[in-house]
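The next block holds one structure in the form of structure tokens; read it before the comments.
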Amino acid sequence: MAHYDALLVLSFGGPEGPDDVMPFLENVVRGRGVPRERLLEVAEHYQSFGGVSPINGQNRDLVEALRPVAGVPVYWGNRNWHPFGEETVRRMADDGVRRAAVFATSAYAGYSSCRQYYEDIARISFDGGPELVKLRHYGDHPGFVAAMADHTRQALDRLKDRAGHDHARLVFTAHSIPVSMAETAGPSGGLYEAQLRRTAELVNRALGRTAPWDLVWQSRSGPPQVPWLEPDVCDHLRELDAEAAVLVPIGFVSDHMEVVYDLDTEARQVAEERGLPMERASTAGTHPAFVRMVRELMDEPEPVPCALTCCPAPKRRQAQVPDQV
């Protein structure tokens, strides 16, 4: 079994007030040539919520939930906002940490969802600092599946209580990515989509359902001429032939901005315009099964690092505001 003397929760980060929004977005897109108009557009999403992304608060809650079960000190660092990962790792070194498990708040294969976290680990590591070991993908872990099934069941119950519907369609959602990135995800390509379909099937099965379900995509950004995974959740809801729907955001582990805006605001507006009763399942968050999952991942044999050819960086970065903004 692997031995760790600390756990690092490594995440994306988010602004915590109106003055943080533009500096945060500039950190996210540095070197990618994103037009300022696009940043201002996304900034408005944050400002409509007081300039605060829920992701940092949810990560604090996750860290606190992990402390009693991790068996080692728990730290937290981000890629794009305070507390930055490099600051956290320096503090870990000062505390005498020698070898830490890294739990990335992204469950699947892919450049943005996995490889970029390896790049983060390489960037924030330093000679004499702690060895950082990224834990494996976990979209199919029983703890993640149980948390998402439980939250989906609660959404189905809310829909039944509110609108009297027993036969809602489950619509699983995940972050869209460029088709070229999806094709190179994993050792032989296509793993991002395959893992998400596997998770959707496992959640559906855990609920004891046999009805068809859908996997759709959200939060696309970038120039329209670049193909991204489709259908978009809003387009799907406009065409959905069902008496009711429950959106299940299996592509995310916390209710950050792309969940509360793209699903709770935009997708809900589409459903209301159609007169389609809709509920949205919570993300895994601090569900006890999800928290226990992290401890179980730490207890597994040390994962084999991905090959450098796995989930390669895009050859040409499209102008976009990427994951988890």
Side-chain angles (χ1 to χ4, degrees), residues 1-13 54-79 82-109 113-114 116-118 120-151 195 199 202 206 250 252-256 282-306 324:
M1 309 301 283
H3 172 72
Y4 308 108
D5 56 3
L7 170 65
L8 169 62
V9 176
L10 187 59
S11 194
F12 193 83
I55 190 171
N56 277 0
Q58 295 217 353
N59 278 328
R60 289 190 186 94
D61 292 342
L62 178 60
V63 167
E64 290 306 310
L66 283 167
R67 292 194 196 281
V69 302
V72 293
V74 182
Y75 297 82
W76 164 44
N78 292 322
R79 180 185 302 158
H82 306 281
F84 288 106
E86 44 267 59
E87 299 167 354
T88 300
V89 174
R90 289 283 177 184
R91 180 159 59 88
M92 293 167 68
D94 291 343
D95 291 345
V97 174
R98 304 308 304 160
R99 195 167 194 268
V102 179
F103 177 74
T105 58
S106 181
Y108 304 97
S113 49
C114 181
Q116 202 165 10
Y117 283 99
Y118 278 111
D120 291 337
I121 289 170
R123 176 175 51 80
I124 64 182
S125 297
F126 58 93
D127 289 342
E131 179 185 359
L132 303 177
V133 180
K134 183 181 180 295
L135 299 175
R136 69 169 174 89
H137 304 152
Y138 49 86
D140 62 348
H141 191 285
F144 183 74
V145 172
M148 293 309 303
D150 192 22
H151 287 157
Q195 287 179 330
T199 300
L202 289 171
I250 55 172
F252 307 87
V253 302
S254 65
D255 289 7
H256 52 70
S282 297
T283 50
T286 57
H287 190 285
F290 183 64
V291 173
R292 288 194 302 271
M293 178 203 76
V294 181
R295 172 71 250 189
E296 291 169 10
L297 292 174
M298 294 173 65
D299 287 338
E300 292 181 354
E302 182 177 332
V304 177
C306 297
Q324 299 184 339

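This is a predicted model, so every value here is computed, not measured.
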Please report the shortest heavy-atom distance between [X] and [Y], naming the atom on each side.
X: A109; Y: C114; answer: CA-CB, 4.1 Å
X: D140; Y: R136; answer: OD1-NH1, 3.7 Å
X: A206; Y: A149; answer: CB-CB, 3.8 Å
X: Q58; Y: S254; answer: OE1-CB, 3.1 Å

Under the side chain to side chain contact (heavy atoms under 4.5 Å, CB included) rule, collect the residues that match up with R90, sequence neighbours excluded. F126
Sequence neighbours excluded, which residues qualify as side chain to side chain contact (heavy atoms under 4.5 Å, CB included) partners of T88?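 Expected list: L8, Y75, P83, R91, M92.
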As a quick check of understanding, evaluate side-chain hydrogen bond (donor to acceptor under 3.5 Å, both in side chains) for S11 and N59, giving each step before the final call. CA-CA 8 Å; S11 194; N59 278 328; 3.0 Å; yes
[X] side-chain N/O to [Y] backbone N/O, donor-acceptor pair under 3.5 Å:
X: R79; Y: G13; result: no
X: Y138; Y: S106; result: yes
X: T199; Y: G139; result: yes

So do [Y] and [X] actually touch side chain to side chain, heavy atoms under 4.5 Å?
X: V69; Y: R292; answer: no
X: L132; Y: L10; answer: no
X: M298; Y: L135; answer: yes
X: S282; Y: H287; answer: no
X: S125; Y: V89; answer: no
X: N56; Y: W76; answer: yes

To the nearest 0.5 angstrom, please state how far the [atom1] atom of [X] sits from the [atom2] atom of [Y].
X: H137; Y: Q195; atom1: NE2; atom2: CD; result: 5.5 Å
X: T283; Y: I250; atom1: OG1; atom2: CD1; result: 12.5 Å
X: R123; Y: D120; atom1: CZ; atom2: CG; result: 4.5 Å
X: T286; Y: R60; atom1: OG1; atom2: CZ; result: 14.5 Å
X: L62; Y: F290; atom1: CG; atom2: CZ; result: 6.0 Å
X: F144; Y: L202; atom1: CZ; atom2: CG; result: 10.5 Å

Return a table of donor-acceptor pairs under 3.5 angstrom between the side chains of residues 96-104 and protein atoms on other chains or two or more places apart.
unit_1 : atom_1 : unit_2 : atom_2 : d
R98    : NH1    : G128   : O      : 3.4
R99    : NE     : E131   : OE1    : 2.9
R99    : NH1    : H3     : O      : 2.9
R99    : NH2    : E302   : OE1    : 2.4
R99    : NH2    : E302   : OE2    : 3.2

